[in-house]
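The structure under discussion appears below in the form of structure tokens.
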Amino acid sequence: MENFKQFFTENSILSEVRKAQETLWLNPHRLPFGESAPKLELGTADIDDAEARLLRFAPLIEKLFPETAKQHGIIESPLVQTDEMKKLLAQKYNAPIAGKLLLKQDSHLAVAGSVKARGGIYEILKHTEDLALEHNLLQAGDDYSVLALPQNRDFFRRYTVQVGSTGNLGLSIGIMSAAIGYKVIVHMSADAKQWKKDLLRKCGVTVKEYSGDYGEAVKQGRTLSEQNPQSYFVDDENSRNLFLGYSVAGKRLQHQLKNLAITVDENHPLFVYIPCGVGGAPGGITFGLKQIYGDNVHCFFVEPVQAPSMLVGMATGLNNKISVQDIGLTGITQADGLAVGRPSSFVGEIMKPLLSGIFTVSDEKLYHYMQDFYKSEHIFLEPSACAAFQGVCRLSDSVQMKDYLQENNLSAKMAEATHIVWATGGSLVPPDIQQEYLSAAI
Ligand SMILES: *Cc1c(COP(=O)(O)O)cnc(C)c1O
């Protein structure tokens with residue numbers, strides 16, 4: 001902690017964050033999108049490439065997961081208006097919202113039941129395509145559903161996929177890899193919920209458990225994978241593929257907003273609130289949205305008060321060279337998907353000119369949002385996903401937010417604004433555990 005004392009000056013953001021109180025950090029490094037875009041290491045061509053790959057794989061996904069047939073093998077989630085929750089937030093939380101409130105239901109993405117169905121599945125498909133082309137299982141232009149043939153499954157059985165996870169990434173990688181035929185080893189941190197381990201084992205996945213946190217599980221997984229030349233390691237902290245899988249969400253959302261006749265432009269700003277762990281999912285989504293809406297979209301992350309890893313990394317500029325433990329926090333939270341002590345440095349770098357800010361939220365509030373949301377909209381979300389509500393709740397009472405709106409010439413436009421709460425997980429939570437969460441006395 002000694003090394004980081006310079007950041008703990010009076011009234012500094014880290015002095016505030018160290019107290020594990022709810023706060024908002026506004027990103028002082030944000031730039032107009034036109035200025036930042038050319039300097040980023042990734043761009044629209046990379047997103048288009050990822051989107052095209054998902055399309056090529058759609059026939060295989062449809063074959064392996066018949067529940068995706070209605071969407072022809074495209075894994076995408078609904079975007080729904082949540083007027084009852086909007087009323088409740090105004091009444092119970094004293095958080096009136098002038099514009100529209102919508103929920104992006106990545107909690108209900110097919111196959112993996114969380115936002116990880118975007119990045120995790122995409123990365124496995126990319127790896128699969130690379131192997132299949134290299135070994136002539138596929139020719140350009142082929143229908144990719146041939147990969148489900150028994151001889152091709154036998155081929156993939158010779159290869160191993162490994163990943164370190166707090167739970168949901170393991171689920172998405174495990175379910176998809178096992179369906180294609182790979183051997184899979186998921187390295188789970190201590191935070192991972194038992195039901196997630198059980199579900200993976202039922203799919204034939206090897207689950208290794210660690211008493212340490214997420215960083216420890218990743219380290220062990222990486223080391224073991226390096227020892228096996230037939231093994232591929234999904235690197236949640238550094239993977240460009242994961243990031244690009246998430247980023248396709250921007251284009252998908254654009255279609256959905258159009259279908260709902262919702263305009264986003266200079267006079268109709270879009271606000272998006274996304275729960276953040278290591279940063280890949282919210283970073284990729286933000287990156288995808290920024291490419292489309294530029295300065296008209298305002299992206300905020302939300303992290304638990306005890307695990308604000310991205311906030312600490314971005315506010316100090318040290319990215320993954322600093323952990324929440326370094327400033328005296330525990331990193332422990334009920335929001336298992338967000339229980340990350342050290343952020344991705346690659347994501348922190350890309351977010352530097354793009355992100356608007358980061359909220360922190362207490363675990364207690366996560367349960368309140370979860371229970372209230374279920375009561376008002378009858379949709380179950382896991383605690384991690386409910387972090388996103390903190391953004392809309394603090395919109396009206398945060399002095400900093402008021403300044404942000406003024407500085408960005410938004411104050412007079414808020415009646416025309418759209419707010420999207422990005423719900424990142426929940427539909428795979430077993431019914432008895434849902435009941436437990438919903439009846440927990442907080
Ligand atoms: C993984 C996860 C997140 C955050 O994604 P990161 O890539 O770790 O930042 C948010 N919510 C849920 C439910 C998750 O599983």
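Because only heavy atoms are used, hydrogens play no part in the values below, and waters and symmetry mates are left out as well, while side chains stay in. Just so you know, these numbers come straight off a predicted model, no measurement behind them. We count ligands from 1, going down the list as the structure has it; atoms in each ligand are counted the same way.
Checked against side chain to side chain donor-acceptor pair (under 3.5 Å), Asp403 has no partners two or more places apart in sequence or in another chain. Residues that satisfy the side chain to side chain donor-acceptor pair (under 3.5 Å) test with Asn319, not counting sequence neighbours, are Glu349. Every side chain to side chain donor-acceptor pair (under 3.5 Å) that Ser225 has, sequence neighbours left out, goes to Ser231.
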Could you pull out the N/O contacts under 3.5 angstrom between ligand 1 and the surrounding protein atoms?
from, atom 1, to, atom 2, distance (Å)
ligand 1, 7 (O), Gly280, N, 3.2
ligand 1, 7 (O), Ala281, N, 2.8
ligand 1, 8 (O), Val278, N, 3.0
ligand 1, 9 (O), Gly277, N, 2.7
ligand 1, 9 (O), Val278, N, 3.2
ligand 1, 9 (O), Gly279, N, 2.7
ligand 1, 11 (N), Thr424, OG1, 2.7
ligand 1, 15 (O), Lys116, NZ, 2.7
ligand 1, 15 (O), Asn168, ND2, 2.7

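Side-chain N/O atoms of Tyr369 and Gln390 include a donor and acceptor closer than 3.5 Å.
Annotation: Phe287 is in aromatic contact with Phe243 [ring centroid separation under 6.0 Å].
In Asn94, the CG atom is not crowded: 12 or fewer heavy atoms of neighbouring residues, nucleotides or ligands sit closer than 6.0 Å.
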